[in-house]
Amino acid sequence: MSFNIPINQVDPTAPTPQNTPLTHAPIAAGLSRPTVPDISEDNEPEEEESPAAAAAIRQAMLGMVHGKLTGLIGKSSGYIESLPVEVKRNIEALKGVQVKQVELQNQYKRECLELEKKYLELQKPLYERRQAIITGAAQATPEEVEAGEQQSVKDDPEYTPLPKDTPSSTSGIPEFWLTALRNHVAFSDIITERDAGALKHLIDIRIAYLPSSDPKPGFKLQFVFSPNEYFENEILEKTYLYQEEVGYSGDFMYDRAIGTEIKWKEDKDLTKEFEVKKQRNKNTNRTRLVRKARPTASFFNFFSPPEPPSDEAIENGDLADEELEELEEKLEVDYQLGEDIKEKVIPRAIDFFTGKALEYEDLDDDEDDFEDIDDDDEDEDQFDDEDSDSDGDIPVRRRGPPKGGAAANANNVNPEECKQQ
């Protein structure tokens, strides 16, 4: 029996600064294969191997190579050290040139952020008009309705225009923001039936950028509520902070988020479940009822974001690899939810309310990259891990930041065009 495995031959003596790549990704993705000699038995007839056996062999090979690479990643091949001192001076000079490039990149991103602020101010009157129509504080004008119907016909040629003599509702649009959030793929999974009662009082979601004088750039999400029986806050805020300088990718890096402390009214905390337990005194045999609270899933946990691990905790190994990976997953999900509200839900609220936004959710997925799988397929976990958090609760498309530092999508712009908010 013989196994013919496609390989890419690599010369280990090539003059590269590092003997190994910085990540395992190319090998894991099948872009580069280890060199493995053919195994052949002249005296044995060739047998067709089963797909499961072939997969097991490939996995074992990749695991073996990964194990060897673990100790080599980042280690010098000696090439840089072997260069003449005159060449080393040129290398240091290039580092100095790059310092100035990074400074310009920082300036560019800051100016793009200022441009976003400028266009947010231009859009504020439109957002205010939107809120007035949603809450019923103002009625829609015939011009607004006509412009909307023209867009509806553009989207759907079979759209039937409304009767011209139909008056606009004076009660606005009930449960507008609750419906819009439920039509967001990730938020739909974290909004519980208990949350719905409170979110019916959500009358607006706003964005505000942090002042330029603040040491760290960022933005603030503001959830505006009408008076309700759940909490006393009129506005619940969530502030997202970026690091002061752009990261290696040239984008702002996610630093951390800060949420509002919700002032819950008595027995109305939606982030907790209460249960009554019966206890018996060991000495007197007297019984009593004790009310205990335990954390539970809720949309309002969004305002209690996870805390990033400190550099000291990482260096000291205070967190196990599994704990660190789980925390990074939670931070990534929290960041992506905030970016989606900023970049999608707020500017395209009516599309989320009608469900139109869902039509665009999968346009960036190449159907050729997916295949049908059986329910008992062992490879199914690979897809689940990619599209859900560690607990399997929040489906998330990983278009956002890499683990360990989230690059701000809002500022991922081309030099020719700054993203407008």
Side-chain angles (χ1 to χ4, degrees), residues 112-152 154-155 162 166-184 187 191 198-214 217-228 230-240 259-260 262 299-300 302-303 337-357 409-411 418-421:
C112 282
L113 201 58
E114 293 302 315
L115 190 60
E116 289 188 23
K117 295 178 185 179
K118 171 187 173 181
Y119 277 89
L120 177 61
E121 289 300 316
L122 294 175
Q123 293 180 82
K124 272 187 177 179
L126 300 175
Y127 287 152
E128 292 170 358
R129 178 63 182 164
R130 179 175 71 185
Q131 186 196 11
I133 295 175
I134 290 172
T135 59
Q139 290 192 348
T141 66
E143 293 76 17
E144 290 170 338
V145 174
E146 183 179 357
E149 288 193 324
Q150 289 176 359
Q151 183 61 47
S152 295
K154 192 175 181 180
D155 294 338
L162 301 171
T166 304
S168 296
S169 171
T170 57
S171 60
I173 306 177
E175 302 180 16
F176 177 88
W177 287 104
L178 169 58
T179 305
L181 288 175
R182 276 181 159 169
N183 279 335
H184 182 280
F187 280 112
I191 295 176
L199 288 173
K200 289 178 182 179
H201 297 277
L202 179 60
I203 58 175
D204 201 11
I205 304 179
R206 303 168 183 167
I207 179 176
Y209 288 94
L210 301 185
S212 304
S213 57
D214 284 12
F219 62 93
K220 183 180 298 184
L221 300 175
Q222 299 172 321
F223 294 73
V224 184
F225 288 84
S226 60
N228 60 81
Y230 293 92
F231 44 80
E232 298 175 2
N233 312 63
E234 179 183 348
I235 298 178
L236 300 181
E237 293 185 340
K238 179 85 171 280
T239 302
Y240 284 86
T260 296
I262 304 177
F299 163 83
F300 291 94
F302 178 70
F303 298 97
L337 289 176
E339 282 290 324
D340 276 6
I341 291 177
K342 171 180 176 285
E343 294 295 319
K344 298 179 180 179
V345 177
I346 291 179
R348 300 281 186 170
I350 185 60
D351 290 341
F352 279 92
F353 177 81
T354 62
K356 176 184 175 182
N409 291 347
N411 301 294
C418 287
K419 198 169 190 177
Q420 300 171 3
Q421 172 64 34

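Just so you know, residue 1 is the first one in the sequence shown, and it goes up from there. All of these numbers come straight from a predicted model, not from anything done at the bench.
At distances below 3.5 Å, at least one donor-acceptor pair connects side-chain atoms of Asn183 with backbone N or O atoms of Phe352. A donor-acceptor distance shorter than 3.5 angstrom exists from the side chain of Asn228 to the backbone of Phe231, with no hydrogens or angles considered. In terms of modelled atom types and a separation under 3.5 Å, the side chain of Lys238 and the main chain of Phe302 share a donor-acceptor contact.
The closest side-chain heavy-atom distance from Ile207 to Gln123 is not below 4.5 Å. Between Leu120 and Tyr127, the closest side-chain pair of non-hydrogen atoms falls below 4.5 Å. For the pair Ile341/Phe223, a side-chain contact is recorded, criterion being any heavy-atom separation below 4.5 Å from C-beta on. Taking 4.5 Å as the limit, every side-chain heavy atom of Gln131 sits out of range of all side-chain heavy atoms of Ile134. Between Leu199 and Phe300, some side-chain heavy-atom pair lies under the 4.5 Å cut-off.
Looking at every heavy atom in both residues, Leu210 comes nearest to Asp214 through CB-OD2, 3.9 Å.
Every residue was checked against the side-chain hydrogen bond (donor to acceptor under 3.5 Å, both in side chains) condition with Lys200, not counting sequence neighbours, and none meets it. Applying the side-chain hydrogen bond (donor to acceptor under 3.5 Å, both in side chains) rule to Gln222 yields the partners Glu237; only residues at least two apart in sequence or on another chain are considered.
Taking a cutoff of 4.0 Å between a charged side-chain nitrogen and a carboxylate oxygen, Lys117 and Glu114 qualify as a salt bridge.
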Is there a salt bridge (charged side-chain N to carboxylate O under 4.0 Å, His left out) between Glu121 and Lys118? Walk through the geometry before answering. CA-CA 5 Å; Glu121 289 300 316; Lys118 171 187 173 181; over 6 Å; no
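Below 30°, between 30° and 60°, or above 60°: for Tyr240 and Phe219 the angle between ring planes is below 30°, a parallel geometry.
Heavy-atom neighbours of Glu234 CD from other residues, nucleotides or ligands within 6.0 Å: at or below the threshold of 12.
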Which donor-acceptor pairs under 3.5 Å do the side chains of residues 171-180 make with protein atoms, sequence neighbours left out?
{"from": "Ser171", "atom 1": "OG", "to": "Ser169", "atom 2": "OG", "distance (Å)": "2.8"}
{"from": "Trp177", "atom 1": "NE1", "to": "Ile203", "atom 2": "O", "distance (Å)": "3.2"}
{"from": "Thr179", "atom 1": "OG1", "to": "Glu175", "atom 2": "O", "distance (Å)": "2.8"}

